[in-house]
Each structure stands twice: as C-alpha cells, then as structure tokens.
Amino acid sequence: MGKLNNTGMLDERKDFIVCNSQMKDKKIKCDTDSVEGSVSQRACVYCGARVVLNPITDAYHIVHGPIGCASYTWDIRGSLTSDSEVFRNSFSTDLREQDIIFGGEKKLEGAIEEIVKTYKSELIFVYATCVVGVIGDDIDAVCRNMSEKHGIKIIPVKSSGFAGNKSTGYKAACNAILDLVEDGDEPIVKSKTKVNYMGDFNLAGEIWILTDYLKEIGLEVETKITGDSTFRELKNAKNSALNIVQCAGSMIYLAKEFEDRYKIPFIRISFFGIEDTIMSLRTIASTMSEITGDKNIITKTEFFIERKLEEIGNKLDFYRNRLKDKKAAVYVGGGFKAISLIKQFRDLGMETVMVGTQTGRPEEYETIRRLADTDTVILDDANPTELEHFMRERGADILVGGVKERPLAYKLGVSFLDHNHERKHPLCGFEGSINFAKEAYESMLSPVWDIVREYRKSVGELNG
Amino acid sequence: MANRNLVNLNVNPCNQCMPLGAATAFKGVEGSIMLLHGSQGCSTYIRRHMAAHYNEPIDIASSSMTEKGTVYGGSDNMKKALKNIIKQYNPKIIGVATTCLAETIGEDIKRITEEFLEENQGFLEVVNLEKIVSVKTPGYGGTQYEGYYATIKSLVDTLAEKSEKDNRINIIAPIVTPAEIREIKRVLDMFKLDYTMIPDISETLDAPFSENFSKIPLGGVSIEEIMNMGNAKLTIEIGQCIEDNMSTGLLLQNKFEIPFMRIPLPLGYKNTKEFIKTISEISELPIPNELIKSEGRYIDAIIDGHKHAAEGRVAIFGEPDLVAGYTEFCVENGMFPVLAATGSSNSTMKNLYKKIQSKFDEEPIIYDDTDFQTIQEISKKNNVNLLIGNSGGKFVSEKTGIPLLRMGFPIHDRIGGQRLMHLFYEGGMKLLDDMINTLLEKKYSSYREVMFEKYYKGVE
C-alpha cells in the first residue's frame with residue numbers, strides 16, 4: 001500500500017469533518033461542490049429541483065432529456081395525495097442521439113402538445129437536464145410560446161445537473177414556485193389565521209398530521225409547499241399571514257423571497273421528535289399571537305400539547321428503558337432533520353456519535369455542534385469510506401439514513417432506521433415520535449443480531 | 001415509433017440508461033470500481049437503483065463535473081477522481097464510463113486516461129492499480145442492456161490477448177440475478193468445463209455477510225482471466241437478443257479467430273434442454289443423473305400445471321433476453337403471451353412472432369422501445385391476467401388490478417430480487433408454480449362470487 005493511508009480517507013475531505021469540541025475553532029466546510037471521486041452520497045441539481053416540485057399533485061412533470069434522469073426519479077418519493085395522481089407518472093422527452101445533434105426543442109414542443117391534447121392539464125413543469133444545458137435548447141422560449149398558445153401555465157426549471165449541486169436545484173425549484181405564485185392574479189387578501197407550511201412533502205401522510213395539529217390550535221393552512229399541494233393552492237400562497245418552514249435546506253430561499261415580495265414573515269420549526277414538536281407548536285402560537293394580538297392561541301396550544309402528551313402517556317418509556325446508552329450515527333439529507341434527530345435520540349437516552357448531512361448549511365452545523373456531545377464526529381457530504389470508518393470507530397449501534405446507506409450498515413452488522421423519502425410510516429409529530437422509537441427498537445433489538453453474534457463467534461473460533 | 005402511445009413523450013419508462021448497464025458489468029470484475037465521468041447525479045441515481053435492488057452497498061464514483069468542467073473540459077475532474085478513487089479503494093482495475101454530459105461535450109476519456117497514467121507514474125508504483133478500462137455510455141445512446149454489452153466488449157477488447165491456445169471456454173453472461181449466475185456456474189461445473197464467465201456478479205452483487213467487510217466486494221472475473229480470453233477454444237454468448245454490434249463473441253472471433261455460438265437463456269424446457277445438450281457435447285461428458293432426474297420432475301410439474309396455465313393471459317416486460325425467455329416459457333406451457341415488451345430498441349424481438357404464431361388463436365403484440373403507459377393500456381384492453389416483469393409494472397398493477405409477478409431489474413418494492421432463480425429445470429418449476437399460484441389466488445378468491453352473479457337467478 002506504500003504511501004496510501006490505511007483508512008483510505010482523503011486529505012481533500014479533511015475540512016469537511018470535525019470532531020466536535022476537540023476542534024472548537026475549526027469551522028466545518030460545507031455548502032460547496034463535492035470532491036471528485038469521493039463517492040458523495042449527493043445527487044444533482046435536477047434531483048434537488050425534482051424532489052421539491054414533484055409532490056405538487058396535479059402538475060405534469062416533463063423531464064426534458066435522455067431517459068435516465070426520468071427513470072431514476074420515477075415515483076421515488078413517497079409523497080401521498082388527497083386528489084390527483086398525475087404527479088406519480090414520469091414524463092420524459094426521452095432524447096436520443098439525433099436530438100442531441102439537431103436539438104430537442106421541437107420534441108419538447110411536441111411533448112407539451114401531446115400532454116395538452118391527451119390530458120386536461122393546467123400546470124406543466126419542464127426540467128432541463130445536463131445535455132439540454134449543453135446543446136442550448138431554449139426551454140424558456142418553448143415554455144413561453146406553448147404557454148401562450150394553450151393558455152396554461154408551463155414553467156421551465158433550470159436544473160441542468162452540472163450547474164451546481166443539489167442545493168442549487170432546491171433554489172431552481174423555489175424559483176419555479178415563485179413564478180407560479182406571482183402568477184396568481186387575485187388581489188392579495190391577507191388572512192390573519194392562514195399560514196403556509198413550507199418544506200414538508202407529505203411522506204406517509206405527514207402533512208395531514210401537521211395540518212390537523214394546526215387546526216387544533218386554530219390555524220388554517222392556506223398552502224402546503226409542496227406536499228399534497230395543487231396548482232390552485234399554490235397560487236393562493238401570498239395570502240397567508242405566516243410561513244412555517246420545516247425543511248430549511250430547500251425552503252429558506254423561498255421563505256426569504258416571500259418576506260421581501262409579500263411581506264410575509266417566516267419562522268423555522270421542525271416536527272421531528274417530541275421536544276421539537278412541542279417547541280414548534282409554541283413558536284407558531286406565540287408568533288401568531290404577536291401577529292393577531294390574540295392570546296387565545298397560546299392557551300389552545302398548551303391544552304393541545306397536554307392532551308397529546310396524555311395520549312402518549314408512558315408509551316415511550318418502554319423504548320427508553322431498552323435503548324438507553326445505545327449509540328446512534330446519523331447521515332441524512334438536510335440539516336434540520338439532523339438537528340431533530342440528535343434531540344430525539346437524547347430523549348431515548350441515546351448518544352449520537354456521528355452526524356452528517358448532504359446539504360447542511362453553516363448555521364445548521366453551528367446548531368448541530370451546540371447540541372452534539374463533545375466527541376461527536378460531524379461531517380458534511382460524507383462518503384461510504386468515512387461513514388464506515390466513523391461508525392466502526394465510534395461503535396454505532398444504529399445508522400439513520402437512506403437507501404444507499406442501508407446496505408452498508410447491514411454489512412457492518414449495524415441496525416438501521418429509514419429516514420428517507422421512501423418511508424411508508426410517518427415520523428413527525430407525537431405519533432411519529434412513537435413510530436421512530438418503535439422502528440429504532442425493532443431494528444436495534446431484533447433477535448437476528450443474536451444470530452449474527454453467534455455466527456461471528458463461530459467464525460472467529462474457526463479461524464482461531 | 002408506433003410502439004408507444006405518444007410520439008414525443010415516454011410515459012413511465014420501461015428501461016434505464018447505458019451507464020447502469022456499465023455499472024452492472026464492471027461490478028462483475030474482480031477488484032474493480034467504477035468511475036462515471038459526468039455530473040454527480042448519475043452515479044448517485046445508479047447507486048440508489050442498484051442498492052435498493054441488490055441490497056448491497058454500491059460504490060460508484062463520479063468525476064462530479066460542474067459548470068467549469070462543462071465549459072473547459074472535464075479532464076481535471078476525471079484525473080482528480082481517478083486519484084481519489086485509488087486513495088480510497090486501492091482497486092486493481094477502474095472502469096471509466098461516460099455519461100450524456102461527457103459525450104455531448106466530447107470528452108476523450110482514452111486520452112485523459114493515458115495522460116493520467118503518464119502524469120502519476122510515481123504514485124501508481126505504490127498502489128494496486130493494474131488497468132483502467134473505459135467505455136462510451138451516453139445515456140441517450142441506449143438502455144442498460146446496450147450499456148452492459150458495450151462494457152463487456154470494451155473490457156475484452158482492451159484486455160484480452162493471444163498467447164498460447166488453451167482449452168478454456170469464454171462465457172458471456174446475460175443480465176440475470178446473482179443467484180442465476182451461480183446456478184449457471186454450478187451446471188457448467190457438473191460438466192467439468194474450464195471457463196471464464198464475464199462478467200461474474202454471482203458473489204459481488206449478493207455477497208455473504210462477513211466479519212471482514214470488504215469495500216470492494218470479493219469475487220468477479222479477474223483481469224488475468226479476461227486477458228487470457230484471447231486463447232480460448234470457444235465463446236458462448238448466452239442471450240438470443242444480443243445484436244452483432246454489441247457482441248463480444250463476434251469481437252473475439254474477428255480478433256482471435258475463436259469460434260462462437262449464441263444460445264438462449266436456459267429458461268423453460270426447450271431452452272434448458274438445448275443449453276444442457278450443448279454443454280454436454282462441448283464437454284464430451286454425459287448429462288449427469290441429477291439433471292436427468294430434475295428434467296423428469298420438471299415434466300411432471302408441467303403436466304400437473306397445464307390446465308391452470310392455459311388460463312394465463314400474460315404481459316411480459318423487461319430487458320430483451322428476459323422478455324424473449326419468459327415469453328417462450330409461457331408459450332411452451334400454453335399461456336398466451338398477450339404482450340412481450342421491452343424498453344430497449346432491439347431488432348431481434350420480432351423473431352418472437354414465429355415462436356408464438358399459430359399456437360394460439362390470437363395474435364400476440366411484440367413491442368420494443370416502448371413504455372409502461374402503453375403496456376398498461378394494452379394489458380387492460382386485452383384482458384391480461386398476469387404481469388411478469390420488474391417493479392416498474394407496479395403502476396400497471398395498481399391501476400388495473402392485474403397481479404404482478406416480479407422478475408428482472410429493478411425490484412424495489414419486494415425483497416430478494418437478487419436471489420430469484422428461474423433458470424434450468426429447478427428454476428422453471430419454481431417459476432411455473434409462482435405463475436400458476438398467482439392465477440389461482442385470484443381465481444379461488446373470486447369464482448364463488450363470479451358464478452353467483454352470473455348464474456343465480458333468485459328463488460321464485
């Protein structure tokens with residue numbers, strides 16, 4: 001192996017990794033492009049845009065490019081709908097060699113014509129992929145012309161894969177949403193009790209749980225961005241009194257734009273874990289009472305929290321007793337999720353020994369460092385080599401992550417919690433917290449690990 | 001493009017793209033790691049797609065090209081990536097595959113590779129790397145099927161040499177599951193054949209749990225074996241849909257004068273029989289008792305099942321060779337293949353007509369380059385009662401209520417896709433049972449009600 005260090009970790013990645021308190025003065029490098037050949041867990045600009053916009057249920061999402069981009073993102077997000085199922089389909093212009101040579105604009109026009117003719121569409125998103133950015137198709141012009149011709153909204157999404165990273169895609173999606181919101185020609189009627197919920201994608205019905213919570217404390221959600229939302233709903237977004245931002249990674253840009261353009265303030269919250277759920281409800285209540293001058297909402301909120309806590313009772317204690325002192329490793333997409341997870345594990349008596357994100361922002365990493373234990377390893381845009389190294393070194397009992405990370409955990413004999421966009425049960429709010437603890441318990445204390453231990457022992461004896 | 005409902009749109013794709021095929025092929029090479037030269041998303045998507053199907057860690061590096069690389073060329077990105085891969089994985093071989101982006105801006109990966117080797121001589125002396133093999137796989141150039149075969153061809157073209165003739169046989173493996181590759185190898189071993197299987201994903205994409213996890217999975221065909229392929233006495237390509245321009249068998253014939261034969265997957269009776277007969281002739285060994293018994297049991301099973309099978313009206317979809325194989329399986333068991341469909345453009349698909357025609361009183365529909373929206377519409381219109389294919393068909397199943405028996409790639413919504421084994425007599429019996437039981441499940445749960453509705457006229 002000569003000069004190669006035996007951990008296989010890259011020097012170029014050193015600035016992206018800190019051991020919390022031991023490196024108090026070291027700022028973590030984040031929010032930048034991935035290192036070449038590092039095997040980043042991130043996807044691309046297009047992916048960022050697609051995951052944010054895809055949950056808009058009555059939109060036709062046309063991926064303008066070769067088939068792969070559409071194929072790999074077809075129905076990957078488990079966003080549920082109360083209405084149209086159109087968004088679950090994959091539409092692609094399926095560009096071929098000839099189109100790359102002669103340009104794809106005609107095909108895109110044809111594709112839009114076909115959608116208009118075949119379906120009753122009001123809203124179409126057209127995503128630019130890598131090649132479209134290179135061959136120079138003017139998708140703005142195509143969308144504008146077709147939009148005028150058919151009198152429907154057709155929005156180009158600037159998401160060529162190479163033009164930045166996943167966060168750039170979030171911004172492209174936000175710009176597309178702004179385009180749509182601006183278009184709403186109704187006069188702005190400011191409501192005092194209506195809010196927008198930004199950055200929940202209705203995985204396993206989470207936005208339904210959250211809108212119900214808000215209803216309980218007297219608030220109506222005008223627009224959900226984007227879980228289970230519709231074209232009409234999005235056009236009304238500027239009427240709200242407050243923007244509640246959950247997934248800040250994808251939505252903070254949009255919230256700031258709303259503040260500038262429509263003078264709608266925003267607050268950041270997270271409904272993952274009991275602690276953050278309660279804190280979020282209180283933040284929303286106090287902010288709204290300031291806006292309306294009505295203190296009633298605070299009382300209502302406290303009653304609601306009390307009732308929900310009573311409902312939960314000691315259900316979590318069962319898990320707390322069994323999971324105490326276990327060690328968690330976390331590698332997720334956005335910073336807000338990582339922050340909540342540290343608290344959630346702490347609530348179960350567990351320590352988070354490693355925590356990382358794909359697209360965390362500097363201020364989120366500051367919060368993570370404040371919350372995490374002194375020895376916790378914190379890393380941005382990690383790769384499998386680093387995940388393996390730190391999980392082993394810190395003796396993690398469970399990894400939280402997505403589909404790509406799961407097999408790695410299993411191969412290392414580590415249990416796993418799916419906190420990705422494919423999950424089939426809600427993890428938010430009070431009921432989600434119990435699901436979370438249950439899933440962690442079911443994986444960590446599964447009897448299969450006894451067999452694994454036995455197997456390891458027998459193999460060890462065999463090898464002397 | 002009459003094979004799709006819409007002309008300019010693909011609605012719900014029935015295929016992935018070339019680089020995924022490249023990844024599958026490179027995964028079957030020992031000590032290998034793949035670099036996708038392009039933007040970051042391609043590698044991540046393919047990793048996710050494969051990890052969800054195989055339940056294995058899938059590490060594929062990306063040169064993570066950004067705007068700068070796109071404008072000025074990505075040679076710096078690719079070289080940095082190669083170096084970082086070596087530092088992290090210390091592989092014996094790196095497979096470099098291109099993407100839409102790299103091909104569109106005209107990246108010369110062969111030249112970049114040569115420059116890299118030239119510029120890093122000192123560094124390369126102290127690492128394991130022996131070879132870098134590149135392949136052109138723009139996503140717009142084809143599906144995973146073509147990407148898979150282009151990669152095998154490139155590996156062999158780059159590495160195989162001629163020295164001393166030996167007695168080995170080159171086996172070009174089809175895209176089937178790791179369990180099926182294991183079974184093909186087991187049968188070949190019964191005939192004591194010396195062979196090189198390329199690629200060999202039997203261990204790498206279905207790795208046993210091990211105390212010592214290896215970042216590059218163990219197993220796969222070795223560089224030495226591939227180099228030696230130029231000396232073999234015969235090449236067997238398993239797959240009847242491989243077109244000549246992607247044929248490694250043909251390449252080896254032209255380059256090294258090695259005779260080659262193309263045989264169908266050993267799926268169903270006729271094709272299994274032919275496969276075994278061929279291998280027996282080549283090895284000059286009789287068919288072992290185990291296979292003879294298994295054949296007899298298979299015959300017993302198809303007799304037991306034939307009346308149930310006759311009720312099957314099947315739509316089959318996936319990669320060309322799977323579609324051809326499963327369609328023939330249906331035909332020889334008396335199930336009518338209403339639709340045989342692949343997302344790849346493949347000129348051999350029409351050969352299937354001859355194998356189906358005149359055996360049923362209906363005409364089958366055979367489509368290449370199609371999509372799931374078309375498959376859904378045809379299945380509904382033609383009273384299909386069984387779908388066979390990958391998880392993409394779950395949509396058709398959801399919307400039409402027709403049950404889906406999963407096979408092929410990807411299988412994301414069920415466990416065990418990597419362990420499916422439908423080949424030879426043993427696998428065929430399992431497949432037949434599963435197909436018939438899927439039909440019976442529906443029949444037994446509904447026939448009482450159906451008969452009641454149809455015939456009960458009430459009491460006067």
Side-chain angles (χ1 to χ4, degrees), chain A residues 1-4 8 10 12 33-44 46-47 65-68 70-72 74 89-97 99-100 107 110-111 114-115 118 130-131 134-135 161-165 384-385 388 403-404 406-408 411-412 452 455-456 459-460, chain B residues 6-13 15-17 19-20 35 38-42 44-49 51-52 55-67 69-70 77 80-85 87-90 99-101 104-105 123 126-127 138-141 209 211 213 215 395:
Chain A
M1 292 277 288
K3 275 183 257 169
L4 291 184
L10 299 173
E12 284 169 272
D33 296 331
S34 301
V35 172
E36 296 92 334
S38 142
V39 192
S40 161
Q41 308 289 97
R42 281 178 184 166
C44 60
Y46 158 70
C47 174
I67 197 67
S71 199
Y72 302 122
W74 178 22
N89 290 295
S90 163
F91 299 95
S92 166
T93 48
D94 192 2
L95 297 182
R96 305 287 168 94
E97 197 128 24
D99 306 312
I100 307 302
K107 207 168 185 190
E114 283 187 319
I115 293 232
T118 320
C130 284
V131 280
V134 177
I135 63 176
F162 58 82
N165 55 39
T385 303
E388 180 195 342
V403 178
K404 292 188 302 296
R406 184 173 49 210
L408 174 63
K411 287 286 177 201
L412 298 174
V452 172
Y455 170 77
R456 279 178 159 160
V459 172
Chain B
L6 301 177
V7 181
N8 296 293
L9 269 178
N10 177 311
V11 187
N12 300 342
N15 54 274
Q16 292 85 39
C17 61
L20 189 140
L35 167 66
S39 79
Q40 177 61 47
C42 309
T44 300
Y45 282 138
I46 290 167
R47 291 177 62 205
R48 195 206 77 94
H49 235 61
N55 278 297
E56 294 287 328
I58 306 288
D59 291 5
I60 296 170
S62 168
S63 58
S64 308
M65 277 174 69
T66 56
E67 227 144 13
T70 304
N77 302 79
K80 257 191 214 162
L82 285 169
K83 201 160 186 176
N84 280 338
I85 291 168
K87 285 181 186 164
Q88 288 194 92
Y89 292 87
N90 204 8
T99 58
C100 297
L101 180 62
T104 308
I105 65 170
F123 169 74
V126 297
V127 300
Y140 51 75
F209 183 82
E211 188 53 31
F213 168 68
K215 274 203 295 192
F395 254 68

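Just so it is clear: chains get the letters A, B, ... in the order the sequence lines come, proteins before strands, and each one is counted from 1.
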Turns out that what part of A/Val452 lies under 4.5 Å from chain B's heavy atoms comes down to side chain

Okay, A/Leu408 and chain B: the region with an atom under 4.5 Å from a heavy atom over there is both

Residue from A/Cys44, A/Ser34, A/Ala43, A/Cys47 scoring the most non-hydrogen pairs under 4.5 Å with chain B is A/Ala43

Interface check, chain B: of A/Asp99, A/Asp94, A/Thr385, most non-hydrogen pairs under 4.5 Å belong to A/Thr385

Q | Check: B/Ala51 main-chain N/O paired with B/Glu56 side-chain donor or acceptor under 3.5 Å | A | no

Check the orientation of A/Trp74 and B/Phe395. Use parallel for under 30°, tilted for 30 to 60°, and perpendicular for over 60°. tilted

Worksheet item: Under 4.5 Å between any side-chain heavy atoms of A/Val39 and B/Tyr89, yes or no?
Response: yes

The interface call for B/Ile58 against chain A, heavy-atom contacts under 4.5 Å, is neither

If you tally heavy-atom pairs under 4.5 Å between each of A/Ile135, A/Val131, A/Thr118, A/Leu412 and chain B, the highest tally belongs to A/Val131

*asked:* Run B/Asn84 and A/Glu36 through side chain to side chain donor-acceptor pair (under 3.5 Å) and show every step you take.
replied: CA-CA 7 Å; B/Asn84 280 338; A/Glu36 296 92 334; 5.4 Å; no

- Task: Assess whether side-chain contact (heavy atoms from CB on, under 4.5 Å) is satisfied between B/Leu35 and B/Leu82, documenting all intermediate values.
- Result: CA-CA 8 Å; B/Leu35 167 66; B/Leu82 285 169; 3.9 Å; yes

Bottom line for A/Asp33: the part with an atom under 4.5 Å from chain B's heavy atoms is side chain

Applying a strict 4.5 Å limit to non-hydrogen atoms, the region of B/Lys80 in contact with chain A is both

- Should B/Lys87 and B/Phe123 count as side-chain neighbours, where that means a heavy-atom distance under 4.5 Å? yes

Given A/Leu95, A/Val35, A/Ile67, the one with more heavy-atom pairs under 4.5 angstrom with chain B than any other is A/Ile67

Most heavy-atom pairs under 4.5 Å with chain B, out of A/Ser40, A/Gly161, A/Gly37, belong to A/Gly37

Please test A/Tyr72 against B/Arg48 for side-chain contact (heavy atoms from CB on, under 4.5 Å), starting from the C-alpha separation and ending with a verdict.
CA-CA 9 Å; A/Tyr72 302 122; B/Arg48 195 206 77 94; over 6 Å; no

Whatever's closer than 4.5 Å to a heavy atom in chain A on B/Leu20 counts as both

Can you find a pair of side-chain heavy atoms, one from B/Tyr140 and one from B/Thr104, that are under 4.5 Å apart?
yes

Bottom line for A/Val403: the part with an atom under 4.5 Å from chain B's heavy atoms is both

ask   = Under 4.0 Å between a Lys/Arg side-chain N and an Asp/Glu carboxylate O for A/Lys411 and A/Glu388?
value = no

Greatest number of non-hydrogen atom pairs under 4.5 angstrom with chain A, of B/Gly139, B/Ser62, B/Pro13, B/Gly41, falls to B/Pro13

Residue from A/Gly164, A/Gly110, A/Ser92 scoring the most non-hydrogen pairs under 4.5 Å with chain B is A/Ser92

Okay, B/Thr70 and chain A: the region with an atom under 4.5 Å from a heavy atom over there is side chain

Any side-chain heavy atom of B/Phe213 sitting closer than 4.5 Å to one from B/Pro57?
yes

